[in-house]
Each structure stands twice: as structure tokens, then as C-alpha cells.
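Down below is the structure, laid out as C-alpha cells.
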Amino acid sequence: MSSATNAKLFSLALIQLQVTQSKANNLTHAREMIRRAAEGDAQHAQPRVIVLPECFNSPYGVKYFDDYAETIGFVHGEKYVTQNSPSQSVRELSAAAKETGMWLIGGSIPERDVVDKKKLYNTATMYSPEGELVAIHRKVHLFDIDVPGKIIFKESDALSPGTEMTMIDTDVGRIGIGICYDVRFPEPAMIAARKGCVAMIYPGAFNLTTGPLHWELLARGRAVDNQIYVAMCSPARDLSADYHAWGHSMVVDPLAVKLTEAGENEAIVWATIDPAEVESARKNIPVTSQRRFDVYPDVSAAA
């Protein structure tokens with residue numbers, strides 16, 4: 001297990017945004033909330049990393065994805081000129097990151113494939129403090145569930161899955177990224193932790209069935225399994241919308257202690273990410289050095 005690579009103490013802000021059916025209003029309001037988040041609060045310094053929720057620029061629902069989708073055209077390893085981006089959301093978030101001088105994990109938006117215009121993804125975008133788009137993460141595990149009498153939802157009716165895991169190297173440490181349903185699968189977080197990530201961050205939109213059952217459980221589970229920080233950033237709840245988000249954006253520490261939690265309404269919550277706590281957890285409960293890869297495989301070995 002790699003130690004948290006070049007990690008430093010920093011403050012993290014989660015924006016539990018109220019999302020409407022107006023993309024223009026969502027983008028304007030997101031920038032306003034990013035400015036507010038960048039100020040910090042009485043207990044926390046200005047954040048170095050700010051996070052928006054899943055589908056922050058559009059309502060969450062299969063019937064909305066095509067109408068709200070934007071072409072991004074980002075290719076890992078190639079220079080991307082954000083001011084020339086075909087994506088309005090990318091241009092706005094790039095400007096917000098540069099304005100505040102923060103790392104920005106831009107929640108997610110519906111993304112249209114550059115070549116196959118009918119192919120859509122649920123895509124998170126990540127920006128440096130200079131406003132550069134440094135990475136994207138396409139949701140790997142699509143939310144296809146059927147809970148009899150409660151909820152049926154099939155993202156695969158409109159979306160295609162991503163094919164890569166995502167980690168970004170910031171000036172405060174390496175951070176792993178997943179989107180919502182990705183958190184139910186332990187392997188990406190296990191790999192991220194073993195590759196030196198200090199935290200996993202999941203923009204997500206659990207609902208009123210899955211939220212009370214598993215939102216906090218999964219955050220704490222990913223944290224305690226890997227002895228890293230885990231952040232979950234939800235949209236605010238809107239009972240007039242088609243899809244009712246759970247809310248309760250939260251940050252959990254490497255011992256699975258909940259550091260902060262929003263309610264159901266729009267809010268900003270802050271937490272301190274301290275790599276010394278990662279090292280302390282791993283020293284005191286040394287599961288990272290006690291794993292038996294002679295008995296079972298190391299999922300990070302080929303990643």
C-alpha cells in the first residue's frame with residue numbers, strides 16, 4: 001500500500017446544490033455557490049478543493065440526459081483549451097476554478113460523445129486552480145436497479161458506461177474520483193488507496209429509497225476498508241422534481257468517523273483532510289500491511 005502520495009493538510013468543501021430545469025440558472029447558481037464555498041467558514045480555512053454534485057447542470061433522469069448533454073472532447077494526455085470548449089459547463093467551471101484559485105471537481109454533467117452523437121455518458125470534470133481541465137471521469141457503473149414497489153431506474157436506457165478509473169494529482173495530494181453508483185463497488189477505492197490517494201470523492205444522487213439504506217454505510221465502508229477519507233456530494237432534495245435526491249452530503253475520515261453532514265436542503269459543508277490521520281489509522285490498525293496476497297489477489301496489481 002502506497003502512503004498518501006505527497007498529501008498535505010487541506011480543507012474540502014462540498015456544495016449540495018439545488019438543481020432546476022434551467023441549465024443557465026444552474027450554471028449561474030453553481031458559480032455563486034463556488035464563490036461562497038471558497039470563503040470557508042468559521043471552523044475551516046479556505047478550501048483547496050471544491051466539489052459539486054452529480055448532474056449539477058440538469059435534472060437527474062433518463063428523459064433529460066439527451067436534451068442537456070454537451071460535447072466536451074477531452075482526451076487524456078492531450079492539451080485541452082478550455083476557453084474554446086464546445087461545452088458551456090466546462091467553460092463556466094473552468095472560469096470558476098480560475099477565479100477562486102481552487103481545485104474544482106465539477107460534479108457531473110451528461111456528456112455527448114464526439115464521434116457517436118447518440119452515445120451519452122455521465123461525466124465528472126476536474127479543474128486546476130489555473131482553470132485547466134485536467135481530467136474527466138465517466139461513470140463506470142450505471143445505475144440500473146429495480147426495487148419492487150419503490151423505484152425502477154435504468155441509466156443504461158440513455159447512457160453508456162465509462163471504461164477507466166480516475167485519479168488526479170493535486171498540490172495537496174492524489175484524489176480518486178467516482179460517481180454515485182460507483183461507490184457500491186469496492187475495487188476502485190481499493191485501487192485508489194493502494195495507488196496513494198488520500199481520499200475518494202463521489203458526486204452522487206442517491207434517492208429516498210437507497211439513501212437512507214446505504215448512503216452513509218457505503219461512505220463509511222469505503223473509508224474503513226481503505227483507511228482513507230471519503231466524500232459524498234449530493235444535489236439538494238426537491239420534492240417537486242421527478243427524482244428526489246437524498247441529500248446528506250458528507251465527509252468521513254479514515255476511521256469511518258463522520259466529520260460533517262448536510263441535511264436535505266441546499267448547503268455547503270466543509271471538512272479538514274489530514275494525511276496524518278491516514279497514516280495514524282494505518283499504523284494503529286495495520287490492515288494495509290497485513291493483507292494476504294498469497295491467499296487472494298491484489299486488485300491493484302494490474303491497474
Side-chain angles (χ1 to χ4, degrees), residues 1-12 14 48-49 51 54 103 105 124 126 135 137-141 162 164-170 172-204 206 210 213-234 248-261 269 271-303:
M1 170 84 72
S2 298
S3 61
T5 303
N6 298 320
K8 302 174 183 176
L9 184 80
F10 69 96
S11 180
L12 171 72
L14 308 181
R48 193 59 181 150
V49 181
V51 186
E54 182 180 24
W103 291 89
I105 297 173
M126 282 72 77
H137 175 76
R138 291 170 171 165
K139 190 174 187 176
V140 172
H141 304 93
E164 297 180 340
M165 291 178 295
T166 305
M167 291 168 268
I168 61 171
D169 286 312
T170 76
V172 290
R174 182 171 292 169
I175 295 171
I177 309 295
I179 299 176
C180 199
Y181 203 55
D182 287 338
V183 75
R184 289 189 177 272
F185 300 85
E187 292 85 356
M190 293 165 66
I191 292 168
R194 294 175 198 174
K195 296 294 184 181
C197 287
V198 69
M200 280 294 297
I201 296 179
Y202 297 92
F206 277 37
T210 60
L213 282 173
H214 298 143
W215 176 261
E216 179 178 331
L217 174 67
L218 286 164
R220 297 180 71 189
R222 296 293 83 84
V224 74
D225 281 350
N226 300 291
Q227 297 173 316
I228 58 174
Y229 287 87
V230 172
M232 307 271 278
C233 188
S234 171
H248 294 273
S249 298
M250 66 174 58
V251 181
V252 177
D253 79 4
L255 291 176
V257 175
K258 188 166 53 179
L259 300 180
T260 187
E261 180 181 5
V269 294
T272 298
I273 307 301
D274 186 353
E277 294 298 323
V278 174
E279 299 307 318
S280 175
R282 293 176 179 178
K283 178 181 179 181
N284 295 337
I285 308 175
V287 295
T288 56
S289 62
Q290 294 171 334
R291 287 195 167 94
R292 293 288 306 278
F293 295 135
D294 59 323
V295 177
Y296 44 79
D298 177 1
V299 297
S300 70

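- Rounding to the nearest 0.5 Å places CG of L14 at 7.5 Å from CD1 of I201.
- Separation of atoms CG (L218) and CG (D182) is listed at 11.5 Å; rounding is to 0.5 Å.
- Partners of T260 according to the side-chain contact (heavy atoms from CB on, under 4.5 Å) rule, which considers only residues two or more places apart in sequence or in another chain, are V251, V269, A271.
- Between the side chain of R48 and the main chain of W103, no donor-acceptor pair closer than 3.5 Å is present.
- Among all heavy-atom pairs drawn from I105 and I175, the shortest one is CD1-CG2, 4.5 Å.
- For the pair E54 and I179, the tightest heavy-atom approach, listed with the atom from each and the gap, is OE2-CG2, 3.5 Å.
- Scanning for side-chain hydrogen bond (donor to acceptor under 3.5 Å, both in side chains) contacts around T210 gives N207, with sequence neighbours left out.
- Residues W215 and G204 approach most closely at CH2-O, 3.9 Å, considering heavy atoms.
- With sequence neighbours excluded, the residues satisfying ring-ring contact (aromatic ring centres under 6.0 Å, His included) with Y181 are F143, F185.
- Nearest heavy-atom pair, I177 versus A124, reported as atom, atom and distance to 0.1 Å: CG2-CB, 4.4 Å.
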Item to complete: Begin from the C-alpha positions of M165 and E187 and carry the test side chain to side chain contact (heavy atoms under 4.5 Å, CB included) through to its verdict.
Response: CA-CA 10 Å; M165 291 178 295; E187 292 85 356; over 6 Å; no
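- For the salt bridge (charged side-chain N to carboxylate O under 4.0 Å, His left out) test, residues two or more places apart in sequence or in another chain that qualify with E216 are R220, K258.
- Residues passing the side-chain hydrogen bond (donor to acceptor under 3.5 Å, both in side chains) test with D253, sequence neighbours excluded: none.
- In this structure, CG on N6 lies 8.0 Å from CG on D169, to the nearest 0.5 angstrom.
- Of the possible donor and acceptor atoms, none in the side chain of S300 sits under 3.5 Å from a partner among the backbone N and O of A303.
- Between the side chain of D274 and the backbone N or O of L9, no donor-acceptor pair lies under 3.5 Å.
- In this structure, R292 contributes its side chain and P297 its backbone to no donor-acceptor pair below 3.5 Å.
- Take M167 and apply the side-chain contact (heavy atoms from CB on, under 4.5 Å) test, not counting sequence neighbours, and it matches R174, A192, K195, C197.
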* Quick one: do M232 and H248 satisfy side chain to side chain contact (heavy atoms under 4.5 Å, CB included)? Show the steps, please. => CA-CA 8 Å; M232 307 271 278; H248 294 273; over 6 Å; no
- Task: Go through the steps to decide whether F206 and C180 satisfy the test side chain to side chain contact (heavy atoms under 4.5 Å, CB included), and finish with yes or no.
- Result: CA-CA 7 Å; F206 277 37; C180 199; 3.6 Å; yes
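- Taking CD1 of I285 as the reference point, atom CD of Q290 lies at 10.0 Å (rounded to 0.5 Å).
- With sequence neighbours left out, the side-chain contact (heavy atoms from CB on, under 4.5 Å) criterion links A135 to H76, M126, T166, I168.
- Among residues two or more places apart in sequence or in another chain, the side-chain hydrogen bond (donor to acceptor under 3.5 Å, both in side chains) test is passed with S249 by Q16.
- Between the side chain of Q227 and the backbone N or O of A281 there is at least one donor-acceptor pair closer than 3.5 Å.
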I would like to know whether Y229 and V252 meet side chain to side chain contact (heavy atoms under 4.5 Å, CB included); could you show each step before the answer?
-> CA-CA 6 Å; Y229 287 87; V252 177; over 6 Å; no
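- Listed by chain and number, the residues in a side-chain contact (heavy atoms from CB on, under 4.5 Å) with F293 are R194, R291, Y296, D298 (sequence neighbours excluded).
- Scanning both residues, I273 and V198, for their nearest heavy atoms gives CG2-CG2, 4.1 Å.
- Atom CD in E277 sits 14.5 Å away from atom CD1 in I228 (nearest 0.5 Å).
- The two atoms that bring G178 and H137 nearest to each other are CA-NE2, 3.8 Å, heavy atoms only.
- Taking 4.5 Å as the limit, some side-chain heavy atom of R184 sits within range of a side-chain heavy atom of H214.
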